[in-house]
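Atoms considered below: every heavy atom in the structure, side chains included; atoms not considered: hydrogens, waters and symmetry mates. Residue numbering restarts at 1 for every chain, and letters A, B, ... go by the order of the sequence lines.
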There are 2 protein chains.
Amino acid sequence: MSRLRLTAAVTVDLVVLTVRDGSLCVLVVRRGVAPYAGELALPGGFVTEGEDLPEAALRELAEETGVSEVGGHLEQLATFGRPDRDPRGRVVSTAYLALLPRLPDAVAGSDAAEATWLPVSPAGAPLGAETLAFDHDEILALGLERARAKLEYSPLATAFCEPEFTVAELRRVYESVWGQPLDPRNFHRKVTGTEGFLEPTGQMTAREPGRPAQLYRAGTARLLHPAMLRPA
Amino acid sequence: MSRLRLTAAVTVDLVVLTVRDGSLCVLVVRRGVAPYAGELALPGGFVTEGEDLPEAALRELAEETGVSEVGGHLEQLATFGRPDRDPRGRVVSTAYLALLPRLPDAVAGSDAAEATWLPVSPAGAPLGAETLAFDHDEILALGLERARAKLEYSPLATAFCEPEFTVAELRRVYESVWGQPLDPRNFHRKVTGTEGFLEPTGQMTAREPGRPAQLYRAGTARLLHPAMLRPA
DNA sequence: TCAAAAGTGTTCGTAATACACCCATGG
DNA sequence: CCATGGGTGTATTACGAACACTTTTGA
């Protein structure tokens, strides 16, 4: 060690997304303490001594949702460090984006006073008239943009699904995240034809009325060729 | 203010890229002080009190290159915070990516003991056998990947060019960054046909042997439609 | 007249869209 | 039987790759 001036506190904030009943939803907490006590905010917290940033993000995710991130996805989003972004002093926050399959409803039992899933409106402002504490509206907007873009060229949509899923379930993920309907026939051909995207299990399911569908697992591809372009 | 525990020092590191004589080059400095004294590293430095992160990146860029970033491009890359990444203690560093047109050779007169342009090898390891201090190899690799990807769907290649440039000059930027030749005929049609990418000045130039070429300025588009896909 | 680079036309394969149509189940 | 959703076939259109060809300059 030596004369290093420690000038900031470091936090991680989480944009946790999931799809519930055809709507893209984000996990928010009601803050219990100042600043912004009583207001909605993204989950997050301080990085502890000796802890790496992804480690801290994973820990916070587990604390807020009880999820150990199996089958989901976690990636760094961006870092926010405006000197006045936290009234307590210099706080530099690295935001992470998490995509999870639908969770058992009780997110209660979590650390935060109240953790709830808020639907993000299909277009325009992410939430309805709601506003989040700190600069979290900006962070959420960036997370949504990133998630929407990544569905195009990566197989990330599978992170929103159960380990085994049907083509229709995957399509509803795309429709929810992009906020627009897709042609089921073309969608089917595209995802099944894209190398490494889906891996058939050989099993069938009849969770819904109509003809039973094949079950798939996520494949090994990390980039989609060709990409799933979203409609104009 | 209040009882906020300041646990880290915050720095910015820069991946500054330019194209020189057909090679993609990165700006590196020879460190003058411990740790890693005498070794090569990315330029960067501590974020000062009351300074925002992009502000600090811009300041460091000016100090190292004397450039006020006119015509270039600066964006946040990612943040690195492994607890042991700096032997002096907890240092969280936000990396920025800068793309600049070719500079006057004398980057001397800069802050760093020695600032030089190092060509990045076309494929495989970014530099030849060189290794950078700290985790800067990792940061550089991420910056290169980001730059290569962004040339596909954004008009960012123009940030490597002078304010007015020819289609051939733009093509040489793509060839240098991607490390592979492109068909001049198809490239010409594609860039001139993509809405908002290029704006003709009406001027001609004859900087090179052969038929004079039209001069263009960067257009207003922020996303390319259709994208410039790099060859397999 | 020749080399070199700018720019156009044409052909061909691949992929996106739109939509007609058949298949397999539950009621 | 029919409603519902799963899945295939096919025509049209857009774009990328390859490459022959014309244009305009300097030497």
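- Judged purely by distance below 3.5 Å, without hydrogens or angles, the side chains of H73(B) and E75(B) pair a donor atom with an acceptor atom.
- Counting to the nearest Å, the P atom of dG7(C) and the NZ atom of K190(B) are 18 Å from each other.
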Point to revise | Derivation of the side-chain contact (heavy atoms from CB on, under 4.5 Å) call for F160(B) and T158(B) | key: CA-CA 5 Å; F160(B) 284 114; T158(B) 59; over 6 Å; no
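- Within residues 220-232 of chain B, the residues having any heavy atom closer than 4.0 Å to DNA chain D are, in order of number, P226(B), A227(B).
- With salt bridges taken as basic N to acidic carboxylate O contacts below 4.0 Å, one links D135(A) and R85(A).
- Between R172(B) and E208(B), at least one side-chain nitrogen of the basic residue sits less than 4.0 Å from a carboxylate oxygen of the acidic one, meeting the salt-bridge criterion.
- Rounded to an integer number of Å, the gap from CG of L182(A) to P of dA16(C) is 13 Å.
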**Study point:** Residues Q214(A), M204(A); criterion side-chain contact (heavy atoms from CB on, under 4.5 Å); working and verdict
**Key:** CA-CA 5 Å; Q214(A) 279 238 39; M204(A) 301 290 274; 3.9 Å; yes
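- Using a 4.0 Å cut-off between charged side-chain N and carboxylate O, E39(B) and R31(B) make no salt bridge.
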Practice item. Encode nucleotides 5-13 of chain D as B, S and - characters from 5' to 3', where the letter depends on protein heavy atoms closer than 4.0 Å: B to the base, S only to sugar-phosphate, - to neither. Key: BBBBBB---
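- Taking the centre of each ring, F187(A) and Y174(A) come in below the 6.0 Å mark.
- Between the P atom of dT10(C) and the CG atom of D183(B) lies a distance of 17 Å, rounded to the nearest Å.
- The CD-P distance, from E152(A) to dA16(C), rounds to 12 Å in whole Å.
- In this structure, the side chain of T194(A) does not engage the main chain of V191(A) through any donor-acceptor pair within 3.5 Å.
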